[in-house]
Chemist: 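Before we start, here is the structure in question, set down as structure tokens.
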Amino acid sequence: MLGIKLPHWRAILWGALVAILGVVLLGTVFVFSGLYNVAASARHFDISNALIRLTLRRSVEMRSLSVTPPGDLSDTRLARLGARHFALGCAPCHASPVSAQSPVAAGMYPAPPLLTEAVETWRTEELFWIVRHGLKFTGMPSWPAEERGDEVWALVAFLERLPGMSERDYAALAGTELAPGAADFTFAPTADTDRLVAACENCHGNAESAPVHPLAPPLDGQKQPYLERSLREYAANRRQSGIMEAAAGELAPEAIGELARVFAEREAPVTVKPGERDTGSMERGAAIALDGVRGDDIPACRSCHSVSTSGQFPRLGGLPAEYIMTQLELFRAGVRADSVYAAIMAPIAARLSDEQIRDVAAYFAAAPERGEEAAAR
Amino acid sequence: MRPGTMQSVAMRPWRLVGGGLPAACCLRWSCAALFSSLLAAGCSGPQSALSPSGVEALHIDPLFWTATWTGVLVTLMIVVLVAVALYGPPPWRAWLGRDWIVIGGGIVLPILVLTGLFVYALLVMQAGALRSAQAGEDTITVTVTGKRWWWEVTYATPQGEPIVSANEIRLPVGRPVRLLLESDNVIHSFWAPQIAGKLDMIPGRTNEVVLEATEPGVSRGQCAEYCGGPHALMSFFVIAMPEEDYAAWLAREAEPGAEPDTPQAAHGQEVFFENGCGACHRIGGTPAQGVIGPDLTHVGSRHSLAAATLPNDAEAFARWITDNQHIKPDNLMPPFRQLSAPDLAALAAYLDGLE
Amino acid sequence: MGSLEDLRNPGERPGTFAMLIYLMLGPMLWGLHLTLIYGANTLICALGGGAAASRATVITATVLIAVPLSLVLLIQRRAGRLFGIADGRAGQRTYDAISRLTGLLSLAGILWAGTAAAILSACVQGR
Amino acid sequence: MERDLPNTAPRPDGELETLKRAWAVPRGFRLVTAVNNQVIGILYIGAALLFFILAGILALIMRTQLAVPENDLVSQDFYNQIFTMHGTTMMFLFAVPVVEALGVMLLPQMLAARDLPFPRLSAFAIWAYIIGGLVFFSTVFYDLAPKGGWFMYPPLTLKEYSPGDNADFWLLGIGFIEISAIAGAIEIVVGTLRTRPPGMSLVRMPIFAWAMLIFAAMIMIAFPAVILGTMLLEIERSFGWPFFTAEKGGDPLLWQHLFWFFGHPEVYIIFLPAAGLVSMMVPTMARHPLVGYRLIVVALIATGFFSFGLWVHHMFTTGIPSLSLGFFSAASMAVAVPSGIQVFSWIATMAAGRPRFRITTPSLFILGFLFIFTVGGVTGVMVALVPVDFQVHDTYFVVAHFHYVLIGGMVFPLFATFYYWTPMVSRNMLSETLGRWVFWLMFVGFNVSFFPMHITGLLGMPRRVWTYPEGLGWETLNMISTVGAYVLAAGVALFVFDLFRRFRPTFADSVDNPWGAGTLEWLPTDTYSTRSIPYVKSREPLWDQPELAREVEEGRHFLPGAPTGGRETIVTSPIDARPQYVIRMPGPGWMPLLAAVGMAGFFLLLTVKLVVPAVLSGIVMIVACFIWAWKLDHGPEIPSVEIGAGVRLPTYMAGPLSHAWWAMVVLIIVASSLYIAYVFSYLYLWVVSPEVWPAAAGVPGLPEEAWPVSAGVLVVAGSALVSAAGRLLPRPGRGARAFALLLGLGAISFLAALICEGLSHWQTGLRPTDSAYGAMVYMASFLNLQVIAACTILALYAIARYFAGKLDTERRVNFDNAALLYYYAAMQMLLGLVLLHGFPPLAS
């Protein structure tokens, strides 16, 4: 039985070998000859085009299978945060209800799709995957901080609402009504301080208006050295945020100092109203913040964040709980670990459980230790 | 072997077991003879079980040597028998090649030899048990807790206020000290070879061992149970001191941390608080009351830093603060690389001055 | 087993298990002894039964097992018959010798364990 | 003498050709489907040798790192991974497999059986081991290797202190290598007891067969303890059932008890077969029968038992009560005696050599072994003395000790074995000249490397340290050890070179009895093993019957052909080796390989939390096993065959005489060992933490009596149904639907009992994550679930066989096996009910 089959197999093997060598040879000739035209103006054959599109669509469909959307995508605050980044970073190429595609972008091949229409052809999970990872060979970049899925969801929350959005609704979400012109390339080095402050406030809020979303923390009253360092770290890609890296990267060094001073001089707000407090969680959080947890090797937060006179440890009291939790989770996961200060916080955050993170955040959000901090100053 | 050990050992009145055997003394000298060719350093060394200076270690020593020499004899006997079996004259070989040699050499001889060694070992064990049981009221109690990866040492005092130290055990010579061994994380094992055998520190249990140093001196110990990460860098020193010195040391240890005595040290103290060091470390008499890392109240007077990993000087403090993750990878202290050179020097000077 | 004729009878007496138990009687008693004394000692100490009770239990168990085992070793052949091990089987002397010697070694093991109880205090941490 | 031969007539034409055809080895890529013991034996040994070399390379990296103090050649984290992998690989992927491999390879030859009784089971075990082992080992290349030490002590290995998948790779990876070892053990027990040649009674067995029999028995008792341990640890890591967490009533020491109850016998599991091999080679080199054969048998049996009595030997420094330490110290003394017996027996045999003991390469390795093993034994007695152990435990002294025992006691005999038995399966012998070089390099290298470690340890150097400071007197010694390690490695490298140069596997043209040995493996062989199966009258038949080789080759002994046309061998009685029946054995097939791939895939994918592919993989395994088993049972289509000497034997056997029944009994012994380990764990945790047991404050009380009583009734009813189903088995060719119905109902009844028991605790409010007590209670149900799942699968299989007309009163092995497991499951569940519901009231 085998005696008959063996030459048969050998023939197939030889045939395959010859075929493979032939293909390799032809390919080599083609590549080295320079016959292929890489011009953006030279369009693909229809069949190549169809194949590329199919590959792209299948790839996105398959790879987005493991994506699970968070529960609160319908949250307008999230969409608002996404809209503000969209206006800044995406609209020039993809157009928006109030602006057309830039002619430069239109010259790309493939041309960036007009999102006001194209969004509908993708599922939520797929949109998330594309925004996060970008698309090879298309000019679509990946999210500058790929680990920050939480930020990507903000953008997706906005994109979900984009199809058929009126100019008015868009202006409301993107904040162009509030501060006219703030949503252009506002952080350009030439911009004056007031415009820059307005641009920051567009997301982070001020004494009159709350931040658009807890992920954009209120800046008023934060310590100046910390704010300066944060902006520099964003600009240098040492702290991860797709939104802030884009913004901080545009700022001139003097502007960073100015902005930090302006916000540091303001009075810190109180964001959590007494009625919204979870006292049980706060009490547990207080124990961690004030005394630490010995068995888990967690030091007391207050030592650095309240009683220390150093301006490098951020003031936590009054920051939104969601923001504190997100940052602790980023520290814990080792995403935020690149700066010398993050190197201190990351190993400590790694010892916190989910529940401890929740409790600590609840405690600081209610800002009960203002007095102690003032005394230390 | 340290010269003079033999005589001092023979004079020990607590040597219930085997101590008076002249054979044991000969064995000890033979040790030097046997290994000196191989071992320039001899049997001594700060962490050597072969130069005992504690009661338990001294009890184990002659048992060890008895077993060793029995083993050497057995091995020699086997070698000789094999040589005879291979190359001996035929009558000798005929004599060897029978069943009885298997019964005699394989059953009777081992049972006799093993019974002897076994009973000797039981007597040593019983002596150890009695020593633990008889450690009376004047016994000092010290709790040693295995941390990742250092040792917290708590001395009970008559005043009731415990004294907390780290990474070294002080023993008054000639007085039994009861060690309570605990762990709140993984399993460690406490081993000070010159003083006594090892005993594990197991979460959920308290193990007890009574140590008694027989002569003053500094020896070294190390964690003997693999505890992950830098297990290799979890050591300590045992400092046996005359009773009066010990009392003086204990009294000094009970005092609060020294005030900085130079402007640089004073600045160092500021740096200490500004950077939140007190969250993990305690310095008696200051607001720093952290209990996560070692107590630093008298850190400057200790024998080593970082669980016997670094010498105790200002330079080592500075290295440790900024570079501890390279010196001792995965240890639980974060690196503080943000400090400027003057700040760092000041902090190191302050800590070094905490004597 | 002398000849090919024997092979034509597929059965054998005694059964396999009887033979295996006969060969391993001593070690099995040794195992029983260790289980008993270790279990009893641990349990009595954990329940606070006291050192004396523990030691007494161990020594009793040792005597109760060592004495019958010694007797079996002395009357090896007759004990074999209890297992249905009849004389005349091919290799029977070898089986007997194996049984006797495993029993002897086990006896040594049992007595050593008993010695420990005679010398050591029970219920204190090993030192 | 001719008239004493089983077959005197001339052999018929074509008989040899039929035999050859039946046993042909598949060619080309189909070689992977081969199941013949010689083929897969070579593969098995080769794979084990590969792991030996890989783990050896890890050792060299470690030795290089330790050559000088404060070295930074490798990082701390990597060092911790490689010392864990070195130990794990050497123990689980080299030592146990290589010994099983030698069993697979040599046993059928020594017993002149045509193959082991379950050829496909061996093939399955080997493929599972190779695939799983390679994947497991490769974790070292991508920073996923476990780093908790090969002993994996919790709490260090719990999720809190070992996050990431590294530890899970150890637990699951090792889990199925254990399964592979147990499969091998079943094979070896049944093989040695049932496939001996006619006339080879128990006391005429070669010593190696004795050693393997005891080896396999020890695996049956020892491995379940560590299997339970790994299950508990993995469950605690994944689901938080607190078996080892002190705050919730667990105890880290429970792991140590379970692990060392396996871990210490493990040393002897490795050593006994090696000693058995030495007992085979020494007589050959002396040309004199082993002096004290029965004493060696005594030594093997005694070691097998005593080695289980000294697991606490590894826990002398944990603070266990003094008297308990004394007991285990005593057992450690007891286990030393049998080793003495063997050493003196070998010396006596050497002395009896005619004219003198020959010094060949195997002899050199044996002499080296004698010296090294004696030193290792002596230091073994030292560490068995409790106070000495207080000092040397967990130091390099112990590292030196157990390398003396393991390398001396196992690796040196193994190399002797390679040189000695290579001619049996190769066209060439290995080079004697190079062999001497290999020996001296290894011997000198070994002693230079490991002897100084005794002193390093006494000078205070602990084990498992990736670096050490200067000034403690360890520098010179460590440097010497490192140099020695490289010399040792050079010896092994030279051996591998020689192997590539000289080793040419063959089944027909191997070298004929080059050493002049007296045992059956040196008969002329082909893929079918020997032409006829010899009638054995002594322990060294080749010495005592000079014409035996010729007679066997001429087909004058038993079963000279392949009367059924397929693969077959004679099954004999366990003590006297009287022929009982002829088993028909399966030939090459893809299913064992597929099942092994499925099982390896199941465990490994589960480790990286790919649950769906893992389940698919598991289904592949079960389906492959079904297909494999389906074709296996020929039934009595050819009622009986003549094997010679006028003996006619049936070709199908059911009931206690059948080899399948024996395999099931062995499996049940394994399962009961596992359950006994569980009962021990339950009682142990109660002794440690009675405060989490019922009747203590805050612990839910026991369920009402009605619950366990109903569960018990369901179990008993289930057994009764299965028993009734057995009575309803139809005669051949008839139908009886009630059989399928009753068997199915039996399965349902067991499942109901299981649910009833689990539910009864759930409704009291007890949860497995509450305390060690809760965890233990649900663990009992988990263990029952495993057995019942197996029962249910067997029942479904039996029902399927029934509907296919392949199960009846004569062809009933499938049902008998299922029923046997059912009755065992019933006993296990009833014992569990008594323990879980009867013990707590008693204890309070």
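The structure displayed is predicted, hence computed values, not measured ones. Sequence lines set the chain letters: A, B, ... in the order given, protein chains first and strands last, and positions in each chain run from 1.
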Chemist: Just wondering, are more than 12 heavy atoms of other shown residues or ligands nearer than 6.0 Å to CD in A:Glu265?
Modeler: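 Enclosed: over 12 neighbouring heavy atoms sit under 6.0 Å from CD of A:Glu265.
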
Chemist: How many angstroms lie between OG in A:Ser310 and CD in B:Glu270, if you round to the nearest 0.5 Å?
Modeler: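 If we round to the nearest 0.5 Å, A:Ser310:OG and B:Glu270:CD are 12.5 Å apart.
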
Chemist: Mind listing the closest non-hydrogen atom pair of A:Pro347 and B:Pro334 along with its distance?
Modeler: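 That would be CG-CB, 3.8 Å.
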
Chemist: Given heavy-atom pairs under 4.5 angstrom as the criterion, report whether the side chain, backbone, both or neither of A:Ile298 touches chain B.
Modeler: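 Just the backbone, heavy atoms under 4.5 Å.
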
Chemist: Can you tell whether the side chains of A:Asp297 and B:Lys147 come within less than 4.0 Å, N to carboxylate O?
Modeler: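 No.
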
Chemist: So, for A:Ser308 and B:Asn275, which heavy atoms are closest and what is the spacing to 0.1 Å?
Modeler: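 Between these two residues, the closest heavy atoms are OG-N, 4.4 Å.
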
Chemist: Around atom CD of B:Glu315, are there more than 12 heavy atoms from other residues, nucleotides or ligands closer than 6.0 Å?
Modeler: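 No - once you tally the heavy atoms of other residues, nucleotides and ligands closer than 6.0 Å, there are 12 at most.
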
Chemist: Within the side chain of A:Arg351, is there an N or O that forms a donor-acceptor pair under 3.5 Å with the backbone of B:Leu332?
Modeler: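 Yes, A:Arg351 side chain to B:Leu332 backbone: donor-acceptor pair under 3.5 Å.
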
Chemist: Where do B:Glu274 and A:Thr309 come nearest, in terms of heavy atoms and distance?
Modeler: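 So the two residues come closest at OE1-OG1, 3.3 Å.
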
Chemist: To the nearest 0.5 angstrom, please state how far the CD atom of B:Gln289 sits from the CG atom of A:Asp291.
Modeler: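 Output value for this atom pair is 11.0 Å.
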
Chemist: For residues B:Val291 and A:Arg294, report the shortest heavy-atom separation together with the two atoms involved.
Modeler: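 Answer, listing the atom of B:Val291 first, then A:Arg294: O-NE, 3.0 Å.
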
Chemist: For A:Pro299 and B:Cys280, which heavy atoms make the closest approach, and how far apart are they?
Modeler: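 Closest heavy-atom pair between A:Pro299 and B:Cys280: CB-SG, 3.5 Å.
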
Chemist: Provide the closest heavy-atom pair for B:Gly276 versus A:Cys304 in the form atom of the first, atom of the second, distance.
Modeler: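 That closest heavy-atom pairing would be CA-SG, 3.5 Å.
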
Chemist: Surrounding CZ of B:Arg319 (heavy atoms of other residues, nucleotides or ligands, distance under 6.0 Å), is the total greater than 12?
Modeler: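 Atom CZ in B:Arg319 is not crowded, with 12 or fewer foreign heavy atoms closer than 6.0 Å.
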
